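First up is the structure itself, then whatever we jot down about it.
Keep in mind the model is a prediction, meaning the values are calculated, not measured.
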Amino acid sequence: MTTRTSSSSSRGRAYGGRSLDERRSKRRAQFVEAGIAVFGRDGFRGATVKSLCREAGLTERYFYESFANSEALFAEVYKTLVKRLEDDVVAAIDAAPAEPEATARAGLHVFFETMYRQPGTARILLIEIFGISGDIDRLYRETTQNFTRMLQELVGSIFALGEGSGTDARILSTGLVGSTIHIAMYWTLNRYGDPLEVVVESSLALYVAMARQPREQDRA
């Protein structure tokens, strides 16, 4: 006699109306949110599995169900925060007036305002990401490269970077990403001593200067 295994049984018995996979996914999400809170408050090296579990309201058993160690959780936290930031920047640009400087200003404002309103996020993205391990360093480089490509596409539709100036839009975009990150890092480390709008306008000036470069050369 053949015994049939139902699809629901193969995925784990439902409990409280949720399958095993759904409960695991929920617990994983709880740990990611806990990681955002704990790493943002205590730093990577100041965080422990116990403090992460306490923040998540779950036991260590469930932590290791989803993550091999704190570094694996940190990587997931970093990727989650970067994705949220990218989505917010793109949404702000899409909603901005169809005018180059206004569009760029909207994206930069969301970026810097996030760093200001969410200092824990700023700490994770700008400070804690460095020096953890080779794997995390590679994640940072890959993420920065992806962000550069996204920025190149966005900026390319706003400003004519590199056109007719003997320069390369990809290299210019890389420089703009680096300048934006370092301005944010300096601002964060100095406890947001400069007003938000001043930081946004100062960063925007670099984008505008690069966009005007071909036109200035044409006049020469």
Determine, using the 4.5 Å side-chain heavy-atom cutoff (strictly less than), whether Ile171 and Val208 are members of one ILVMFWY cluster.
no
Between Glu33 and Arg84, does any side-chain N to carboxylate O distance fall below 4.0 Å?
yes
Under the side-chain contact (heavy atoms from CB on, under 4.5 Å) rule, what do Ile181 and Val177 come out as? Steps first, then yes or no, please.
CA-CA 6 Å; Ile181 290 173; Val177 169; 3.7 Å; yes
Would Glu71 and Phe44 count as a side-chain contact (heavy atoms from CB on, under 4.5 Å) here? Give the steps.
CA-CA 8 Å; Glu71 182 179 320; Phe44 174 76; 4.2 Å; yes
Using only atom types and a distance under 3.5 Å, with no angle test, would you say the side chain of Thr80 pairs donor to acceptor with the backbone of Glu76?
yes
If we ignore hydrogens and angles and just use 3.5 Å, is the side chain of Thr143 paired with the main-chain N or O of Leu139 as donor and acceptor?
yes
Can you check whether Val199's main-chain N or O pairs, donor with acceptor, with Ser202's side chain at less than 3.5 Å?
no
Using a 4.5 Å cut-off on heavy atoms from C-beta on, say whether the side chain of Ile183 contacts that of Leu206.
yes
Compare every heavy atom of Pro97 with every heavy atom of Thr103, then report the nearest pair and how far apart it is.
OG1-O, 2.9 Å
Can you classify the ring geometry of Phe63 versus Phe67 as parallel (below 30°), tilted (30 to 60°) or perpendicular (above 60°)?
tilted
Determine, step by step, whether Met115 and Leu125 satisfy the side-chain contact (heavy atoms from CB on, under 4.5 Å) criterion, reporting the C-alpha distance in whole Å, the side-chain angles of both residues, the deciding distance to 0.1 Å, and the verdict.
CA-CA 9 Å; Met115 300 301 105; Leu125 295 184; 4.0 Å; yes
Residue pairs involving residues 34-45 (criterion salt bridge (Lys or Arg N to Asp or Glu O under 4.0 Å); sequence neighbours excluded):
Arg41-Glu55
Quick one: does Gln30's side chain get under 4.5 Å of Tyr62's, heavy atoms only?
no
Check whether any side-chain heavy atom of Arg105 sits under 4.5 Å from a side-chain heavy atom of Leu108, and report yes or no.
no
Qualifying ring-ring contact (aromatic ring centres under 6.0 Å, His included) pairs, either residue in residues 86-138, two or more places apart
Tyr116-Trp187, Tyr116-Tyr192, Phe130-Tyr140
Output for pair (Arg54 CZ, Lys50 NZ), nearest 0.5 Å, gives 9.0 Å
Between Lys83 and Asp87, does any side-chain N to carboxylate O distance fall below 4.0 Å?
yes
Pairwise side-chain contact, Val77 with Leu81, heavy-atom cut-off 4.5 Å (strictly under)
yes
Quick check on the hydrophobic clustering: are Val82 and Ile127 connected, directly or via other members, by side-chain heavy-atom contacts under 4.5 Å?
yes
